[in-house]
Protein chains: 2
Amino acid sequence: MARGSTRPTSRDVARAAGVSQAAVSLVLGDKWRGRVSAATAERVRQAAHDLGYRPNLAARNLRLGHTRTVLLVVPALTTEFFAGVYTGAARVAAAHGFGVVLYPSPEGIGPARDPFASAQAALDGVIASSMAADALTAIRGDQLPLVMLDSDPDGSLGAATVNLDIADGARQLADHLLALGHRRFLHLAADIASWTFEVRARELAARIGTVAGTGVRTARAPITIDDARAAAEAALAAPGPRPTAVICDDDKLAAGAYKAARRLGLRIPDDLSVTGLDDLALATALDPELTTIRLDAELFGERGMLALLAVLEGREPDGGDIPVELVVRGSTAAPRS
Amino acid sequence: MARGSTRPTSRDVARAAGVSQAAVSLVLGDKWRGRVSAATAERVRQAAHDLGYRPNLAARNLRLGHTRTVLLVVPALTTEFFAGVYTGAARVAAAHGFGVVLYPSPEGIGPARDPFASAQAALDGVIASSMAADALTAIRGDQLPLVMLDSDPDGSLGAATVNLDIADGARQLADHLLALGHRRFLHLAADIASWTFEVRARELAARIGTVAGTGVRTARAPITIDDARAAAEAALAAPGPRPTAVICDDDKLAAGAYKAARRLGLRIPDDLSVTGLDDLALATALDPELTTIRLDAELFGERGMLALLAVLEGREPDGGDIPVELVVRGSTAAPRS
DNA sequence: CGCCGGACGTTATACGTAACACTTCGCGGT
DNA sequence: ACCGCGAAGTGTTACGTATAACGTCCGGCG
């Protein structure tokens, strides 16, 4: 911004066009109908173009008191999922003249001390994933309008929420596996403190618990393929009857489970069924292709942005969870009895 | 930003603490040594805290004439690669008191009309991937300091560049495959107009051309697993002697090649060797694990940010391409003669 | 005693923009 | 002849911050 020779201001344009700065503002702001002659307006536009004038956004934001920019806080960029969320949010935002700025809580920089100091952009509002929990306290510090993605609606935050119907997904998945005849499960859980995964675990346990003779083991791993591999390998090799199905909290965890199975000499799906969550590109790259729960990331982003726009305009955001869909592929089958 | 009851300003804090607005600015800006007593400073800090005061970034940016914020323009967020670039850039930026804002050219919104209108943040500079080509003209429109990632250093842009040593990677890869005895190749190329891929193709062809009796077929596909699968399947089923090795411009393309091989009944690596580029998590999720060229995305981001800081301070950015590394795994072997 | 300089502030100003309030002028109606 | 009114602008102000320039008090030194 601080250029060698400072950039032209609206006053420079005014001088060049032989009008006042106010007239420039009128013309460039497209509010000149009936206030400035068409000829003058054209002269102003020409001068602005010749000088390469670009308005100073800091000044405009200050004057206007808003920025038409919102912040999207995501846990990290290591998955396509939040890429989809961003795409959806940005699409809706663009249609309403808003911009979206991303704040991925950066790994290895430690907990985000202050997202707003880092994203120096002045903001009108915030959309935050509940998985970026370390940034939440800082967010609450500001009194910005806030929409939470996948968070406890009854939580203490008192913010608007947009949720995926994770519970329904867990039910569909449990029913699928139970119908195939599975009774012993390994839940390979994401090592993230998040409402999403808590709800999922609870619902899974509840649904599976309705059938007699079932049991669920739980292993926990960070969402990387190698951590998941190690956790799954240890859990599957543990004493006692081996689980016949591994339910993973993420497609990447499932990829880890595949590797563990290979190392233990277990074939999928004959010896072991595996399921994921997300339906990333990875899901169809695996062999056999992964049975997983498809989450519509873009729709998630769109709904998040729409909710924030509603809050900004003082309206009540539309409720209703976003439906999810079980996609059955080759990684699940009846257990060998 | 436009809140119901407007947020407190530094003047409100001043009133509450019984001092002038200037004193508040001094204290909160940590420039009060020898100008304000420790007791008064403490009183100001207390008042600021009680009122929940947060400085107005727009006003500060306007006053200061800079924002300590830079923009990172990436082609899309669909790969972990640019997640790594962001992480590296953000780490360096944070160490220098800068923030990084991401501008992924959003898919489905069409070519970015004006990244700076969208990212309303006022900016000090820009780092752009050459793969986000559609945004480039808009970028040149502004006279912001610019660093290009992986772009032709002699190109007409006249901007600073930071490059991966893609050419060396191509040489390492060609030597590896030639040494194994491969002579007929399929180059599964990324369908993106980018200097990176052009250099790679040229270098690959040059290196392989040094050996007699070699031949390279080229197929082109967008970087999605299914597009790559279709392109690879068609190319491998084409008449004439079948290539024994597939060189992919991206790990995702390689995943598509795996699927094509499965459908054609070809085993990897016995019937077909496959190589990738990037070394994403996907590479080790595949079976067999993928031989690929590892790109250090984080270092790439760090170097990009350092170069931009140099430009901002009027220094010459450090040159030197970033080395890349061939990682040999199970997907390459000598062809069955 | 006179005067200097540090400690402790304050006053005033500028950053670039948008918008309110105001002026000037020509012209049509009565 | 006079009023009213719309067109075509201009003058001025405010947004909230950081900082340069300016005061004032007081202890101490020559």
Side-chain angles (χ1 to χ4, degrees), chain A residues 1-3 5-44 47-48 51-68 116-117 120-124, chain B residues 1-3 5-44 47-48 51-68 116-117 120-124:
Chain A
M1 199 163 199
R3 319 315 327 298
S5 52
T6 51
R7 9 197 283 188
T9 73
S10 62
R11 211 174 311 269
D12 295 328
V13 175
R15 218 169 351 245
V19 297
S20 72
Q21 178 267 330
V24 174
S25 178
L26 257 352
V27 171
L28 268 33
D30 205 34
K31 302 206 177 313
W32 57 279
R33 293 151 290 229
R35 323 247 298 130
V36 175
S37 73
T40 306
E42 187 47 38
R43 217 166 64 241
V44 168
L51 292 179
Y53 168 73
R54 316 225 96 196
N56 180 317
L57 297 196
R60 188 207 296 271
N61 291 343
L62 174 58
R63 176 65 234 249
L64 257 24
H66 66 250
T67 57
R68 297 190 89 69
F116 309 102
Q120 299 275 0
L123 303 167
D124 284 356
Chain B
M1 199 164 196
R3 318 316 325 301
S5 52
T6 53
R7 7 195 286 187
T9 74
S10 63
R11 211 175 309 272
D12 295 328
V13 175
R15 221 174 344 251
V19 295
S20 74
Q21 178 265 330
V24 173
S25 179
L26 259 349
V27 171
L28 267 33
D30 205 34
K31 301 207 176 312
W32 56 279
R33 295 149 291 225
R35 322 246 300 130
V36 175
S37 72
T40 305
E42 187 48 38
R43 213 166 67 242
V44 168
L51 293 178
Y53 168 73
R54 318 225 96 196
N56 179 318
L57 272 331
R60 170 180 302 182
N61 291 343
L62 174 59
R63 174 66 231 246
L64 257 22
H66 66 252
T67 57
R68 297 190 89 69
F116 309 102
Q120 298 275 1
L123 304 167
D124 285 356

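Every chain is numbered from 1, with letters handed out A, B, ... down the list of sequences.
Residue G29(B) is out of contact with every strand shown, counting any heavy-atom pair closer than 4.0 Å.
Nearest heavy-atom pair across V44(B) and V24(B) is CG1-CA, 4.0 Å. Considering all non-hydrogen atoms of both residues, A41(A) and V27(A) come closest at O-CG1, 3.7 Å. The two residues A58(B) and L62(A) make their nearest non-hydrogen contact at CB-N, 3.7 Å.
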Please enumerate all protein N or O atoms sitting under 3.5 Å from an N or O of nucleotides 9-16 of chain D, with distances to 0.1 Å.
unit_1: dG9(D); atom_1: OP2; unit_2: S37(A); atom_2: N; d: 3.0
unit_1: dG9(D); atom_1: OP2; unit_2: S37(A); atom_2: OG; d: 2.7
unit_1: dG9(D); atom_1: OP2; unit_2: T40(A); atom_2: OG1; d: 2.8
unit_1: dG9(D); atom_1: O6; unit_2: R35(A); atom_2: NH1; d: 3.2
unit_1: dT10(D); atom_1: OP2; unit_2: S20(A); atom_2: N; d: 2.9
unit_1: dT10(D); atom_1: OP2; unit_2: S20(A); atom_2: OG; d: 2.8

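Y53(A) is listed as a side-chain neighbour of L28(A), based on a closest heavy-atom distance under 4.5 Å.
Rounded to whole angstrom, the span from the CH2 atom of W32(A) across to the P atom of dA8(D) amounts to 9 Å. Between the NZ atom of K31(A) and the P atom of dA19(C) there is a distance of 6 Å, rounded to whole Å. Rounded to an integer number of Å, the gap from D12(A) CG to dG16(C) P is 9 Å.
Scanning for side-chain contact (heavy atoms from CB on, under 4.5 Å) contacts around T9(B) gives R11(B), D12(B), with sequence neighbours left out.
Between atom OG of residue S10(A) and atom CZ of residue R54(A) there is a gap of 15.0 Å, rounded to the nearest 0.5 Å.
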